[in-house]
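See below for the structure under consideration.
Position 1 is the first residue of the sequence; numbering continues from there. When a ligand or atom number is given, it counts from 1 through the structure's own listing order.
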Amino acid sequence: MSITIFQNASIVDGTSDVPREGVNVLVEDGHIREVSDAPLRAKDARVLDLAGKVLMPGLIDCHVHVIASEANLGRNALLPDSLVAAHASVIMRGMLMRGFTTVRDVGGADFGLQQAVEEGLFEGPRLVICGKALSQTGGHCDFRGRYDVRDRHAFDRKLGSLGRICDGVSEVRLAAREEIKAGAQFIKIMANGGVASPTDPIAFMGFSREEVTAIVEEASNAQTYVSAHLYTDEAIRRGIECGVHSVEHANLVTTETAKLMAEKGAVACPTLVTYEALKNEGADYGLPESSVAKIDDVRLAGLRSLEILHSAGVTMAYGSDLLGAMHRHQSEEFVIRGRVLPAMDVIRSATVDAARLCGMEGKIGCIAPGAYADLIVVDGNPLDDLALLTGQGRSMPAIMKEGRFVKNTLDA
Ligand SMILES: [Zn+2]
């Protein structure tokens with residue numbers, strides 16, 4: 001049993017726009033046991049003085065695809081499962097070393113990857129999974145292209161596939177049930193056209209109302225919710241009316257629809273960094289031409305959508321949605337959002353609000369007794385400069401996950 005005490009920490013956790021100064025935190029057995037303004041003592045404790053440094057809960061990214069080792073998702077789906085798993089372990093280690101101790105995978109990761117991390121087979125963030133995202137034929141997870149007539153289920157069971165194809169109410173119900181049986185903690189659907197897929201312009205609606213409603217019922221039967229890939233205002237509105245809880249991307253949302261989202265308690269998960277990365281580097285990393293042509297349809301509306309969602313009072317979660325070699329930009333979403341949102345709100349989106357969306361409120365995204373000891377130490381105050389959270393963890397001298405340091409240069 002090892003005990004670590006962090007002394008004199010300034011805590012930044014997204015609940016206040018100034019750090020809480022002079023806090024002491026005791027970590028034991030992977031959990032935070034005590035948080036106090038008074039000095040803490042314990043026998044054989046390792047004591048680290050954090051005077052002048054900031055202590056934060058481990059960050060949470062609510063929109064990742066850890067199996068996306070290539071920008072060309074059609075090609076990614078063809079890779080052998082073993083190779084995809086090996087790539088995923090490297091991608092996940094990168095996330096952890098950027099300070100992300102939990103990530104919500106919104107399409108592709110399975111129970112096996114989740115277990116592999118829990119068993120300590122490789123170093124990575126805790127995974128919250130939906131299994132395969134559900135897509136209709138010709139939708140955002142159908143990567144077959146115009147003249148490709150391979151069976152629509154050819155990729156359903158490939159680890160490198162973000163999603164699976166299902167059509168019609170009875171098939172979407174079965175798909176949702178299979179994913180839940182396989183360990184999905186929420187259900188992801190592709191309810192709108194997308195950038196990375198070849199035959200669905202952004203404006204296309206994915207699934208019928210009946211199908212979306214049926215999937216929402218299946219998710220709620222399993223005590224969880226539906227997350228939907230959505231860009232256009234029409235698609236977002238329809239999704240909310242059908243009971244979708246988390247709106248991924250939301251780039252083209254209008255004020256009226258944002259108000260409806262707030263009213264229903266829906267959460268938005270913007271992913272602006274991916275459009276910047278795709279614009280700058282996508283083609284170099286193999287993004288097909290049909291996709292490059294679609295980037296600006298959503299990219300240009302990005303910052304405006306943050307303002308609309310914020311002023312309508314919609315809760316936002318942090319998302320990055322990066323693919324392949326572009327994963328290294330994961331933390332830049334903090335800086336992009338900081339251009340139009342208060343830093344405290346941006347931090348909230350990757351701590352308390354993200355924890356709630358992961359169904360782990362009080363366990364992650366906070367520094368409180370009973371929570372996992374997922375902690376990062378930052379050289380400086382991210383409330384003043386969100387860029388301290390970027391740079392592949394260069395301003396984070398220590399990163400702890402479940403009570404164990406995965407990085408610690410404090411002692412040196
Ligand atoms: Zn995505």
Could you pull out all residues at least two apart from E289 that satisfy side-chain contact (heavy atoms from CB on, under 4.5 Å)? none
Can you confirm whether R157 is buried at CZ, in the sense that more than 12 heavy atoms of other residues, nucleotides or ligands lie under 6.0 Å from that atom? no
How about R93: does its CZ atom have over 12 heavy atoms from other parts shown lying under 6.0 Å from it? no
Partners passing ring pair (Phe, Tyr, Trp, His ring centres under 6.0 Å) against Y318 (at least two apart in sequence or in another chain): F100, F334
Counting only protein N/O/S atoms, those under 2.8 Å from the Zn ion (ligand 1) total 3
Cation-pi check, R104 to F186: give yes when NZ or CZ is under 6.0 Å from the six-membered ring centre and within 45° of the ring axis, no otherwise. yes
List the residues meeting salt bridge (Lys or Arg N to Asp or Glu O under 4.0 Å) with E34, not counting sequence neighbours, and say none if there are none. none
